[in-house]
Structure formats: structure tokens, C-alpha cells
Amino acid sequence: MMEYKTYPCEVKFRYLVRRNVSVVAGFFSEKDAADYALSIGGTVMQADKNPRNAGRIPKFSVREKDAIKERISQGIPMRRIAEEFRCSVGYVQKLKCEHSL
């Protein structure tokens, strides 16, 4: 039987192991979490990526990003789009790369 180092903390880990209703342990790798869950008869779930709502507030809403992507697809130059939306050309390029996927 393998030894698992477990930590009962929901904030720091990417994968949590639950047994019944409560969280039993947290892991950084999905494989370790799955192995531990099998050994105790629990289930694996992903932790919230941002449980404290930390980080930057997005500058543009989804609607504004869609408007930028629409102008990109119309063939409007990126510099003109950046001036219109008061953002950097790099940000418009980033949305263009995401849009092509």
C-alpha cells in the first residue's frame, strides 16, 4: 500500500478528493488524487481556480471582445482597432490569435 501525503486545504490545490460530502485531501497532480480517491473510495474534483476572487479585473467585457473580433474579421487594421478601443496593438493581436482557433 502506498503512502500519500495529504493536506486538508481547499485553496492551494488543483485537485480535491471528496468522501461523502466533505473534502478529505488536496493534490497538485490529477494522477495522485485519482490514486488516493481509489484507495479510500472517494471521488476527485477540480478546485476552484480563483476562490478568493483575486487578480485583475478584466478591462473589456465579453461583448466588447466580440466587437473587436468582429472588426478583425472585417479586415480593419489592428492599429485603428486599438485606437478605437483605447488598448494596445498587442491586445488586439492576442484576440486575433484566439479568434482564429
Side-chain angles (χ1 to χ4, degrees):
M1 183 165 176
M2 287 186 67
E3 287 285 322
Y4 292 99
K5 191 170 186 178
T6 61
Y7 304 95
C9 179
E10 296 182 28
V11 176
K12 298 179 184 177
F13 299 99
R14 295 176 57 192
Y15 300 97
L16 304 175
V17 177
R18 294 180 76 141
R19 189 171 187 190
N20 297 333
V21 178
S22 62
V23 174
V24 178
F27 293 92
F28 290 112
S29 77
E30 186 176 14
K31 182 186 178 305
D32 291 342
D35 290 343
Y36 184 71
L38 282 174
S39 70
I40 66 164
T43 59
V44 178
M45 61 181 268
Q46 278 194 324
D48 293 335
K49 292 191 182 213
N50 193 357
R52 295 181 296 126
N53 273 343
R56 287 190 178 183
I57 298 170
K59 183 175 180 181
F60 294 107
S61 66
V62 176
R63 185 178 296 157
E64 290 171 322
K65 288 179 184 178
D66 289 340
I68 293 172
K69 290 175 185 178
E70 180 66 31
R71 289 192 174 72
I72 290 169
S73 64
Q74 291 173 354
I76 297 173
M78 286 193 287
R79 286 185 189 268
R80 189 177 302 155
I81 296 170
E83 288 173 4
E84 181 181 341
F85 284 92
R86 294 185 180 148
C87 65
S88 68
V89 177
Y91 184 74
V92 177
Q93 177 68 30
K94 176 184 170 189
L95 290 178
K96 179 181 178 183
C97 291
E98 290 175 359
H99 182 58
S100 64
L101 297 176

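For the atom pair OG1 of T43 and CG of L38, the computed distance is 10.5 Å after rounding to the nearest 0.5 Å. Atom CD1 of I81 and atom CD of Q74 lie 8.5 Å apart (nearest 0.5 Å). Note that CD1 of I68 is 12.5 Å distant from CE of M78, once rounded to the nearest 0.5 Å. Distance CG/D35 to CD/E30: 10.5 Å, rounded to 0.5 Å.
Looking at residues two or more places apart in sequence or on another chain, you find no side chain to side chain donor-acceptor pair (under 3.5 Å) involving S88.
You'll find the side chain of S73 stays beyond 4.5 Å of the side chain of K69, heavy atoms only. Within the 4.5 Å cutoff, no side-chain heavy atoms of K65 are placed close to those of E98.
Among all heavy-atom pairs drawn from A33 and V44, the shortest one is O-CG2, 3.5 Å. Residues E64 and K59 approach most closely at OE1-O, 4.0 Å, considering heavy atoms.
Evaluation of the ring-ring contact (aromatic ring centres under 6.0 Å, His included) test over residues 55-79, restricted to residues two or more places apart or in two chains, returns F60-Y91.
Note on V89 and F85: same hydrophobic cluster, where clusters join Ile, Leu, Val, Met, Phe, Trp and Tyr whose side-chain heavy atoms are under 4.5 Å apart, directly or indirectly.
Annotation for R18: atom CZ counts as buried by contact number, over 12 foreign heavy atoms lying within 6.0 Å.
Side-chain atoms of E83 do not come within 3.5 Å of backbone N or O of R80 as any donor-acceptor pair.
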